[in-house]
Amino acid sequence: MVMDKLSNSLQDALKKLVGAGRIDERTVNDVVKDIQRALLQSDVNVKMVMQLSKSIKERALDEDVPQGMNPREHVIRIVYEELMKIVGEGTDIPLKPQKIMMIGLQGSGKTTTTAKLARYFQRKGLKPAVVCADTFRPGAYQQLKTLCESLNVAFYGEEGNPDAVGIVERGLAEIDKYDVKIIDTAGRHSLESDLIDEMERIHAISSPDYKLLVLDAGIGQQASEQAKAFNDSVGISGVVISKLDGTAKGGGAMSAVAATDSSIAFIGVGETPQDLEKFEADRFISRLLGMGDLRSLMEKAEESLSEDELDVESMMKGKFTLKDMYKQLEAMNKMGPMKQIMQMLPLGGMGMKVSDEDYEVTGQKMAQYKTLMDSMTEEEMTNPRIIGSSRIKRISIGAGSNPETVRELLKYHKQMQNAMKGMRGGKFNMKKMMKKMGM
Ligand SMILES: Nc1nc2c(ncn2[C@@H]2O[C@H](COP(=O)(O)OP(=O)(O)OP(=O)(O)O)[C@@H](O)[C@H]2O)c(=O)[nH]1
Ligand SMILES: [Mg+2]
């Protein structure tokens with residue numbers, strides 16, 4: 001998942017509490033020091049880290065461990081709550097007709113996010129349309145137009161016309177009948193006066209319902225200053241943190257939202273239009289702390305797989321046949337990489353470490369596996385246990401492959417099946433934990 005490094009460090013820190021019968025000052029200091037280091041390394045605002053450390057220490061030692069909770073859970077809960085204070089609740093951009101204006105410095109990810117948002121609303125059944133108000137950068141018009149065409153999203157722009165404000169005015173009139181109107185604006189290297197001026201004029205003429213500031217996760221601590229400047233100019237109603245997939249410094253942008261009147265609405269986790277996640281602080285932090293997130297998975301699975309009849313429920317009950325895996329592989333493109341999906345499961349919380357190799361199936365491998373499964377019989381697909389060496393040979397010949405790859409496929413299936421099973425059993429009861437934490 002995004003912010004892997006931070007997540008791993010936090011989880012390692014919390015591991016120090018495993019089996020702790022009671023919470024003593026030394027352990028807490030130790031854990032807090034590790035958390036501190038982890039957050040600072042990911043560039044979370046220093047003042048906030050200090051404040052958080054202080055609160056965690058005080059609360060962990062002063063507050064009684066609630067009934068039914070072990071000391072570790074008690075501290076996790078406190079860490080969770082204190083992290084929530086830093087990132088905020090998350091801004092909910094409602095699913096209804098509205099105007100959204102994109103704001104941000106050059107290269108922050110506005111145009112990409114515009115396309116992602118259009119796709120997001122489209123998939124929720126709303127009709128999006130996009131206006132290109134970037135008359136500053138050559139190529140901006142073509143970039144957005146191409147993106148919109150690939151998504152089948154309505155687009156308005158006037159190539160070559162430098163009058164951004166006029167374009168927005170005419171564009172909005174043109175796309176009046178659409179539900180969600182998204183205005184992509186030009187970025188500049190820094191907050192120069194001409195950017196502010198243009199932004200304010202576009203703002204005035206379009207009166208957007210939401211002004212989304214796109215912050216590049218890679219900019220670290222500078223994010224605060226930027227967020228504040230934009231907020232002082234047009235006011236920010238939500239923040240999108242882009243490129244969280246490519247940096248360990250995301251903590252800077254995440255804590256920068258405190259400088260605005262809003263909080264994070266979405267995060268960008270890749271370059272393609274589907275790489276957008278609605279930000280929900282509780283889920284995000286659960287994942288960061290390795291408590292997994294079944295809800296997220298369920299939703300994502302529902303959204304992407306309804307057409308594929310992948311039975312997530314039965315998968316989780318451990319009934320995970322090769323047929324399910326076949327459908328899963330087919331659907332994987334839509335759901336994102338397996339690693340990302342597995343990270344949403346509470347395996348971490350159950351002490352199972354999900355290593356990259358376990359779940360990374362390359363596109364090529366996926367294609368190979370599918371070909372192999374195509375040469376299996378119905379019986380083999382539903383009951384893979386019957387596949388012995390003679391069947392392995394037959395299957396590999398039928399698919400023009402080799403027995404090793406068939407064995408590899410079966411091993412992969414086994415791992416997946418175990419992972420699915422593990423999710424409902426195990427010592428760690430996710431539901432109970434969530435409930436205890438008031439989620
Ligand atoms: N990995 C990754 N790359 C991203 C993400 N969002 C945007 N990018 C990349 O960042 C670069 C800049 O993105 P744009 O959307 O063009 O940025 P912009 O803010 O519109 O830039 P200007 O219009 O020049 O101000 C592109 O190469 C995008 O592919 C993301 O979430 N993850
Ligand atoms: Mg752009």
Side-chain angles (χ1 to χ4, degrees), residues 1-5 100-120 128 130-151 153 155-162 164 167-168 171 182-192 194-199 202 211-220 222-223 226-227 229-230 233-234 236 238-254 256-257 264-279 284 336-337 339-340 343:
M1 85 176 233
V2 296
M3 306 193 82
D4 266 335
K5 196 163 163 263
I100 298 174
M101 178 178 170
M102 308 303 292
I103 294 167
L105 288 190
Q106 189 163 58
S108 59
K110 295 176 296 299
T111 303
T112 311
T113 307
T114 300
K116 289 176 177 178
L117 283 171
R119 178 183 181 272
Y120 169 81
V130 165
V131 176
C132 172
D134 182 354
T135 57
F136 180 75
R137 187 168 57 78
Y141 170 93
Q142 205 53 50
Q143 180 195 8
L144 188 53
K145 186 164 184 269
T146 309
L147 276 168
C148 287
E149 276 167 6
S150 75
L151 296 168
V153 164
F155 168 83
Y156 184 89
E158 298 175 16
E159 196 170 19
N161 187 349
I167 293 175
V168 170
I182 309 173
I183 305 165
D184 182 27
T185 65
R188 304 283 198 276
H189 276 308
S190 61
L191 269 166
E192 299 137 5
D194 66 330
L195 169 62
I196 295 186
D197 180 56
E198 185 182 279
M199 211 167 56
I202 292 176
K211 290 149 280 181
L212 292 185
L213 172 66
V214 182
L215 284 178
D216 181 330
I219 63 171
Q222 275 168 282
Q226 267 185 38
F230 279 108
S233 161
V234 287
I236 297 305
V239 175
V240 179
I241 299 189
S242 68
K243 311 184 203 179
L244 255 184
D245 54 308
T247 176
K249 295 280 172 203
M254 304 217 75
V257 294
I264 307 167
F266 293 95
I267 57 178
V269 294
E271 289 187 87
T272 66
Q274 74 222 40
D275 297 323
L276 182 77
E277 288 180 18
K278 185 172 159 48
F279 182 76
F284 188 82
K339 187 179 145 205
Q340 199 179 317
Q343 229 95 49

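When a ligand or atom number is given, it counts from 1 through the structure's own listing order. Here the structure is a predicted model, which means the values were calculated and not measured.
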Residue G187 vicinity, atoms of ligand 1 by number, heavy atom under 4.0 Å: 25 (O)
For Q106 and R137, test the side chains for any donor-to-acceptor distance below 3.5 angstrom and give the result as yes or no. no
Can you list the ligand 1 atoms lying under 4.0 Å from a non-hydrogen atom of G268? 31 (O)
Verdict with supporting geometry, D184 and K110, salt bridge (charged side-chain N to carboxylate O under 4.0 Å, His left out): CA-CA 7 Å; D184 182 27; K110 295 176 296 299; 5.8 Å; no
Does some non-hydrogen atom of G104 fall short of 4.0 Å from ligand 1? no
Within a distance under 2.8 Å of the Mg ion (ligand 2), the protein atoms of type N, O or S are T111 OG1
Any heavy atom of T111 under 4.0 Å from ligand 1? The part involved is both
What is the nearest protein non-hydrogen atom to atom 17 (O) of ligand 1, stated with its residue, atom name and distance? G109 N, 3.0 Å
Once you restrict to heavy atoms under 4.0 Å, what part of D134 touches ligand 1? Side chain, backbone, both or neither. side chain
Can you tell me if K116 uses its side chain to pair, donor with acceptor, with the backbone of G268 under 3.5 Å? no
Yes or no: does D275 have any heavy atom under 4.0 Å from an atom of ligand 1? no
V269: numbered ligand 1 atoms lying under 4.0 Å from its heavy atoms: 31 (O)
Measure up the F279 and F284 rings against each other and bin them: parallel (under 30°), tilted (30 to 60°), perpendicular (over 60°). tilted
Heavy-atom contacts under 4.0 Å between Q143 and ligand 1: side chain, backbone, both, or neither? side chain
